[in-house]
Amino acid sequence: MNILLSFVGKQDPISEKTNKEGAVLTLCKHLQPDLVYLFPTAEGPGVRDATESNAYATKELLPEVSPRSTCYVRSLYLKDPTDFSELMPSVKEEVRKILAGLEEEKKNGQDVQIHLNCSSGTPQMQTCWYVLANSGYIPECGCGK
């Protein structure tokens, strides 16, 4: 089972700069993951750089590039997606829930591989993936192997 975890950036689903697919759709086209989890910054008062609408637009376009993928949107309720101290605990909790849900698959002998999109989102969001993967928090991503 291939799983993609991705933040959602301003260039998703289609880049306004290039008019081409953003990183999420490009990765899905090539990886054809079974599951896609999108982590946008939720819309709300005082929220800086919300990408929730981009996530739902990405989910809507996903079947065109990866028809067998199932997509889930897990909005992050943050005031500032560049504040690492606010961001990391939220991301870690969402990833923990996803990993817990995969335990049954692994018990049944299902091979699980997690892919991380390190392109979409703020630099601080991208750093979350590196920290969680290299610390062993997301062991199925295969970093360092």
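Side chains included, hydrogens not; waters and symmetry mates left out as well; all remaining heavy atoms used. Here the structure is a predicted model, which is why all the values come from computation and not from measurement.
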Greater than 12 external heavy atoms within 6.0 Å of Glu60's CD: no
Atom of Met88, atom of Cys128 and distance for their closest heavy-atom approach: SD-SG, 3.8 Å
CD1 on Ile14 to CG on Leu61, rounded to 0.5 Å: 5.5 Å
Residue Asn19 excluded, over 12 heavy atoms near CG under 6.0 Å: no
Any donor-acceptor pair under 3.5 Å from Thr51 side chain to Val8 backbone: yes
Under 3.5 Å: donor-acceptor pair, side chain of Ser15, backbone of Gln11: no
Asn2 side-chain N/O to Asp34 backbone N/O, donor-acceptor pair under 3.5 Å: no
Shared hydrophobic cluster for Val95 and Tyr130 (ILVMFWY, side-chain gaps under 4.5 Å): no
Closest non-hydrogen atom pair, Ser6 against Ser120: OG-CB, 4.2 Å
Neighbour count above 12 (heavy atom, 6.0 Å) for Glu103 CD: yes
In one Ile/Leu/Val/Met/Phe/Trp/Tyr side-chain cluster, 4.5 Å: Tyr137, Leu116: yes
Val91-Leu35 co-clustered via ILVMFWY side chain contacts under 4.5 Å: yes
Option among Leu5, Thr70, Leu4 that satisfies the side-chain contact (heavy atoms from CB on, under 4.5 Å) test with Tyr37: Leu5
Joint cluster assignment, Val65 & Ile3, ILVMFWY side-chain distance < 4.5 Å: no
Whether Lys59 side chain and Asn54 backbone form a donor-acceptor pair below 3.5 Å: no
Glu105 side-chain N/O to Gln110 backbone N/O, donor-acceptor pair under 3.5 Å: no
Test item: side-chain donor near acceptor, Asp12 and Thr58, under 3.5 Å: no
Nearest-0.5 Å distance, CG of residue Leu102 to NZ of residue Lys97: 14.5 Å
Taking every non-hydrogen atom, the tightest pair across Met125 and Phe7: O-CE1, 3.0 Å
same_hphob_cluster(Leu27, Val112) at 4.5 Å side-chain heavy-atom cutoff: no
Stepwise side chain to side chain contact (heavy atoms under 4.5 Å, CB included) check, Glu64 with Leu25: CA-CA 9 Å; Glu64 295 176 23; Leu25 291 180; over 6 Å; no
Atom NZ of Lys29: over 12 foreign heavy atoms under 6.0 Å: no
Straight-line distance of Glu94 CD to Leu99 CG, nearest 0.5 Å: 11.5 Å
Ser69 (side chain) donor-acceptor with Pro33 (main chain) under 3.5 angstrom: yes
Distance, nearest 0.5 Å, that separates CG of Leu76 from OG of Ser90: 6.0 Å
CG-OG1 distance between Asp80 and Thr41, expressed to the nearest 0.5 angstrom: 9.0 Å
Ser135 side chain to Leu132 backbone, donor-acceptor under 3.5 Å: yes
Stepwise side chain to side chain contact (heavy atoms under 4.5 Å, CB included) check, Ile138 with Trp129: CA-CA 9 Å; Ile138 308 175; Trp129 291 145; 4.2 Å; yes
Under 3.5 Å: donor-acceptor pair, side chain of Glu52, backbone of Ser75: no
Nearest-0.5 Å distance, CZ of residue Phe39 to CG of residue Asn117: 11.5 Å
Thr26 to His30 - nearest heavy-atom pair and separation: O-CD2, 3.0 Å
